[in-house]
Amino acid sequence: MNSYEITDMIIDDGFDGEEYVTTDFTHQNRHYSITFKKADLEVMNSWMFMDETSLPANLSDDVINLIRAEVERKI
């Protein structure tokens, strides 16, 4: 069983000449968002949402790699 659940995924084709994939997910009862560059799935940014605030996320490499692998399978 995964320690996370992807709740939404948006593929943005054409923003600033690049394609990006933004993935929203929950992990340990918190809401996160990671934006990957579609070409190589490099992490562009990651955020944690608490109440009405967004903060830079401090996710482990393991969680990021699990999310990246699932995104790769879905696109």
Side-chain angles (χ1 to χ4, degrees):
M1 185 167 160
N2 291 335
S3 64
Y4 66 90
E5 179 183 355
I6 291 180
T7 58
D8 198 17
M9 191 167 79
I10 300 168
I11 299 173
D12 187 1
D13 55 354
F15 176 75
D16 198 27
E18 297 278 346
E19 291 184 331
Y20 296 93
V21 178
T22 300
T23 305
D24 298 334
F25 63 99
T26 57
H27 172 61
Q28 297 180 343
N29 296 321
R30 294 192 176 157
H31 300 282
Y32 294 90
S33 179
I34 298 179
T35 299
F36 298 97
K37 197 184 249 187
K38 186 179 176 191
D40 59 5
L41 296 179
E42 174 188 353
V43 174
M44 301 309 296
N45 60 53
S46 58
W47 298 97
M48 178 178 68
F49 301 101
M50 292 178 47
D51 301 318
E52 295 180 20
T53 305
S54 59
L55 303 167
N58 186 18
L59 294 163
S60 72
D61 288 341
D62 291 337
V63 170
I64 291 171
N65 288 331
L66 288 170
I67 299 291
R68 180 183 284 126
E70 188 165 342
V71 167
E72 186 172 31
R73 283 191 301 272
K74 290 184 176 190
I75 60 172

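All values derive from a computational prediction rather than experimental measurement.
- A distance of 8.5 Å separates CG of Leu41 from OG1 of Thr23, quoted to the nearest 0.5 Å.
- Not one N or O on the side chain of His27 forms a donor-acceptor pair closer than 3.5 Å with the backbone of Tyr32.
- In terms of the salt bridge (charged side-chain N to carboxylate O under 4.0 Å, His left out) criterion, residue partners of Lys38 (sequence neighbours excluded) are, by chain and number, Glu19.
- A donor-acceptor pair is defined here as one N or O able to donate and one able to accept, closer than 3.5 Å; no such pair exists between the side chain of Arg30 and the backbone of Met50.
- The distance from atom CD1 of Ile10 to atom OG of Ser33, rounded to the nearest 0.5 Å, is 8.0 Å.
- Using a 4.5 Å heavy-atom threshold, the side chains of Met9 and Thr22 count as separate.
- Side-chain atoms of Phe25 and Val71, non-hydrogen and from C-beta on, never get closer than 4.5 Å to each other.
- Separating the CG atom in Asp62 from the CD1 atom in Ile67 is a distance of 12.0 Å, to the nearest 0.5 Å.
- When side chains are defined from C-beta on, Ile34 counts as touching Val43, because their heavy atoms get closer than 4.5 Å.
- Within a 6.0 Å sphere centred on CG of Asp8, heavy atoms belonging to other residues, nucleotides or ligands number more than 12.
- There is no side-chain donor-acceptor pair under 3.5 Å between Asp24 and Thr7.
- Separating the CD atom in Glu42 from the CZ atom in Phe36 is a distance of 10.5 Å, to the nearest 0.5 Å.
- Looking only at side-chain heavy atoms (C-beta outward), Thr35 and Ser46 stay at 4.5 Å or farther from each other.
- Remark: side-chain polar atoms of Thr26 are not paired, donor with acceptor, to backbone N or O of Asn29 under 3.5 angstrom.
- By the salt bridge (charged side-chain N to carboxylate O under 4.0 Å, His left out) test, Glu70 pairs with Lys74, sequence neighbours left out.
- In this structure, Ile75 and Ile11 have side chains that are in contact, with non-hydrogen atoms separated by less than 4.5 Å.
- Placement of Ile6 and Leu59 within a single hydrophobic cluster is found when ILVMFWY residues are connected by side-chain heavy-atom separations under 4.5 Å, directly or transitively.
- Taking hydrophobic clusters as Ile, Leu, Val, Met, Phe, Trp and Tyr residues chained together by side-chain heavy-atom distances below 4.5 Å, Tyr20 does not share a cluster with Ile64.
- Linking ILVMFWY side-chain heavy atoms closer than 4.5 Å, directly or via other members, places Leu55 and Tyr4 in a single hydrophobic cluster.
- The environment of His31 atom NE2 is sparse: at most 12 non-hydrogen atoms of other residues, nucleotides or ligands sit within 6.0 angstrom.
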